Structures are given as C-alpha cells and as structure tokens.
Amino acid sequence: MRYFLIAGEASGDLHASHLMKSLKAIDPEAQFDFLGGNLMGQVAGKRPIIHYCDMAYMGFIEVAKHLRSILGFMKKAKREIERIRPDAVILVDYPSFNLKIAKHAHKLGIPVHYFISPKVWVWKEWRVKDIKRYVDHMHCILPFEVDFYKKHDYAVNYVGNPTVSEITAALPSLPDAKEFKRQQGLEDKPIIALVPGSRTKEINDNLPAMLRAAARHPEYQAVIASAPSVDPKLYYSILDSMGSQALMVENATWDLVRNARVALVTSGTATLETAVLGTPQVACYRMNGSKFIYKFYRRLLKGNYVTLPNLVADEPIIPELLLHLCTEDTIDEHLTALLQDGDQRNAMLQGYDRMMARLGTNDSTATAARNIIASLKN
C-alpha cells in the first residue's frame, strides 16, 4: 500500500511517525509520501514534500500575513496527491489545512483517514459537517470524542491515546534527576520546567511571564524546553532582554518535565504529556493578554475546559490561565502552592490518576494501523 500523510507540527510529526511504523509492521512493503517532519522522514527513508516548520503559522493575523505561502503549500499537496494516487490519505490534526485536503482526496475517490481529530468539540463545531462529508474513517485519541461525534450521527473509533503509549514506552529509559542534571550541565537544585510552546508567537507571549514567576523562587532553577522547530536565537533574545540566567535543554522535554518539581506549560499537547509524566503543572496561555479577546473566545469555545487533562477527566485538575488571567502573579500563586507538599499538589496527582483511567492503555497507533489496513482490504 502507498500512503500519503500530512502532519503540520512537531507533535503531529511524532504521532504520525509512530503510526507509520505500525503500518510497516503489518504491511512491510508500505510506501509513504508526506508533509511533515524529520521523524516521519526517518521512517519513510525520504525527505518530506514540505516540512512542517515551513507550515507552522498560528493565529488569524499570522495566517493572513503568510496566506500566499499557505495556499502554495496546499496547491503543491493537492498536486502531489493527484500525481501519486495513494491507496489512502492519512491526516493528522491540523484542521484548517487538512480538511481542505480531505475534500480534494474525497473528490478523487481516495479513502481519507483522520488520525487525531480536530478539536471541533472546543470550537468551530461546524467543521463536523465537512468531516462527515469527506472523512471516511476518524481514529480518535480522546475517549469523550466518541460521544461527541455520536451526537452528530457520525461513528468514530477510540483507538487509545498515543501520548500514553509513547511515554509509557519511554519511561524506563528516562534518566533520574541526578543523571539528567549531569547530562545537561545543570545545578544541583530542584527544577521548575518551562514549556512555552512550539511556535514563535506562543513563546514570545508566554515565556516572559513564566520566567518572571519562576524567578521568584531562587532556590529552584528554571529550565526551558526548547522546541525543535524554533531557532534558539529566539529564546536567547528573550533571556537577554530580561537579564535571565535560565538554562535551556534541547530534545529533552520529557526528561526535563519528568524530573521537574513543577512545570509551567503552554496549553496544548504538552499539558497532556506533563500529566502522563506525573508532574504537577500550571497551564499558561497568554496570547496578547486582552480581556476583550478572552470574552470573544469564551463565546466561541464549547465546554468548560481548554486543556486536555481537564477535558479528559471532565473536571478542573489543572489551573487554566488564559489571556489576561495569565500574569506573573497568577502563575506564581499556583506555582507556589504546587511546589509544596500539600492539598493542591496531592489533588492534582490524584486527578491525573482518574484521567489515566479514562485514557486506558491501548496502543493507539497499532490499533489505528490495523483499522486502516482492514478498511482498505474490505
């Protein structure tokens, strides 16, 4: 079988690469063409048609500024699908781009599989119409999505969560705190991990407030997890402008978070990773810090929560500091409580246990791969 995959960011590259490995385990002759990253390239044995680093635009203004490039990427992806005529198109999250590709592939009569549903249960619920029309099979990684889609008369499969299986497999090889500090040249002090996102705007918006809050605890060392798609100069420019001595680690986010006392995390997949790793956290998502924008988005958002741990558990396990509510003071209020052994820290760890019970232990990519291949044989 020949598969055409599209992943538009670092987490999608990771999950898609594992799905590709699972497909090859069942179908050793599998061939892959893709828009994605280096991890997918390692499995496929070739470079991506377009690297996700060139596609990672976020927010209306940023997208508008780069609209010509985005349209060019989309035209190229469509042209390649027409030329290759794969047995299946497999889309990984990234809905603004991927749903247009789904429509194109559907018109060509190519089966469309979606691994990791767009977050239509948070906002832009109208996208469900396009999903029902153009996506043949949706392979969901969050258990509550089954009921959500059922309300829209669309049957989906919960295949398990890739973050759970990936971290569970990685845990035995992660270094302990002493070894991690030695490897990274860190001080012999407890760690506050800063995970400010994987896009330039996220980092610019969130890292300064995270650094200022962490600096209130000089008995801890603040350590930044850099994103592989981001030029290190961005971090250094922020650190220099603030006179901060915080250190940075590359390609070691899980090692860092696992060995941190508390993590300050920009809302997204990283909040779920932090929860699975068992580290207490504060979710920080400042953007422009506008109260007006906060009220605007709150009207658009569905449900009570934004972060994945809270959504999965359907309860406020971790604090969500959004826009104007995300300040140095509010971050530190929660950070101070979580650094101590006390009720807030214990309650969060117990909440993680309930979240994990709902996620289960199924191998998501192996299950999705079996489902994809079975559907293509029928």
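Model, not experiment: these values are computed from the prediction.
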Where the side chain of [X] meets the backbone of [Y], is there a donor-acceptor pair that is under 3.5 Å apart?
X: D136; Y: V112; answer: yes
X: R286; Y: C326; answer: yes
X: E273; Y: T163; answer: no
X: Q344; Y: L338; answer: no
X: N161; Y: S364; answer: no
X: Y158; Y: L359; answer: yes
X: K100; Y: S96; answer: yes
X: E320; Y: V306; answer: yes
X: Y235; Y: A227; answer: yes
X: K103; Y: N98; answer: no

Atom [atom1] in [X], atom [atom2] in [Y]: separation rounded to 0.5 Å?
X: T253; Y: I224; atom1: OG1; atom2: CD1; answer: 11.5 Å
X: L171; Y: R258; atom1: CG; atom2: CZ; answer: 5.0 Å
X: N259; Y: W254; atom1: CG; atom2: CH2; answer: 14.0 Å
X: Y114; Y: I116; atom1: OH; atom2: CD1; answer: 9.5 Å
X: L99; Y: Y94; atom1: CG; atom2: OH; answer: 12.0 Å
X: L239; Y: L207; atom1: CG; atom2: CG; answer: 6.5 Å

Can you see whether [X] engages [Y] through a side-chain donor-acceptor pair at a distance of less than 3.5 angstrom?
X: Y352; Y: Q281; answer: yes
X: E250; Y: S226; answer: no
X: T168; Y: S165; answer: no
X: Y285; Y: T307; answer: no
X: D93; Y: H15; answer: no

Path from [X] to [Y] over hydrophobic side-chain contacts below 4.5 Å:
X: V257; Y: I191; result: no
X: L211; Y: V195; result: yes
X: V312; Y: V120; result: yes
X: M1; Y: F115; result: yes
X: L234; Y: M210; result: yes

Which heavy atom in [X] sits nearest to a heavy atom in [Y], and how many Å separate them?
X: L142; Y: W121; answer: CD1-CZ2, 3.5 Å
X: F4; Y: A77; answer: CZ-O, 4.1 Å
X: C140; Y: V156; answer: SG-CG2, 3.7 Å
X: L247; Y: G185; answer: CD1-O, 4.3 Å
X: E145; Y: I141; answer: OE1-N, 3.5 Å
X: M348; Y: P280; answer: SD-CA, 3.6 Å

- Show your reasoning for whether side-chain contact (heavy atoms from CB on, under 4.5 Å) applies to Q42 and S17. CA-CA 8 Å; Q42 290 171 14; S17 71; over 6 Å; no

Please indicate whether [X] has more than 12 foreign heavy atoms, meaning atoms of other residues, nucleotides or ligands, lying under 6.0 Å from its [atom1].
X: Q245; atom1: CD; value: no
X: K129; atom1: NZ; value: no
X: K150; atom1: NZ; value: no
X: D176; atom1: CG; value: yes
X: D329; atom1: CG; value: yes
X: R47; atom1: CZ; value: no

Inspect the contact between [Y] and [X] and indicate whether a charged nitrogen and a carboxylate oxygen are less than 4.0 angstrom apart.
X: R2; Y: D33; value: yes
X: R261; Y: D341; value: yes
X: D130; Y: R133; value: yes
X: D147; Y: K151; value: no
X: E9; Y: R199; value: yes
X: K24; Y: E29; value: no

- Show your working on side-chain contact (heavy atoms from CB on, under 4.5 Å) between E80 and F34 and close with a plain yes or no. CA-CA 10 Å; E80 287 298 297; F34 62 99; over 6 Å; no

Do [X] and [Y] touch side chain to side chain, with heavy atoms closer than 4.5 Å?
X: H104; Y: Y134; answer: no
X: M40; Y: M20; answer: yes
X: L311; Y: F144; answer: yes
X: I318; Y: Y305; answer: no
X: T365; Y: V159; answer: no
X: T367; Y: R370; answer: yes
X: L194; Y: V223; answer: no
X: P86; Y: F32; answer: no

Non-neighbouring partners of [X] that pass side chain to side chain contact (heavy atoms under 4.5 Å, CB included), sequence neighbours left out:
X: S375; answer: H113, H137
X: D332; answer: A213, R216, H217, L335, T336
X: P175; answer: E179, F180, Q183, D255

- Message: Using the rule given for side-chain contact (heavy atoms from CB on, under 4.5 Å), can you reason through L91 versus I101, listing the C-alpha separation, both sets of side-chain angles and the distance that settles it, and then say yes or no?
- Response: CA-CA 9 Å; L91 308 172; I101 297 298; 4.1 Å; yes

- Query: Yes or no on side-chain contact (heavy atoms from CB on, under 4.5 Å) for N157 and M138, after CA distance, side-chain angles and deciding distance?
  - Reply: CA-CA 6 Å; N157 297 311; M138 176 68 74; over 6 Å; no

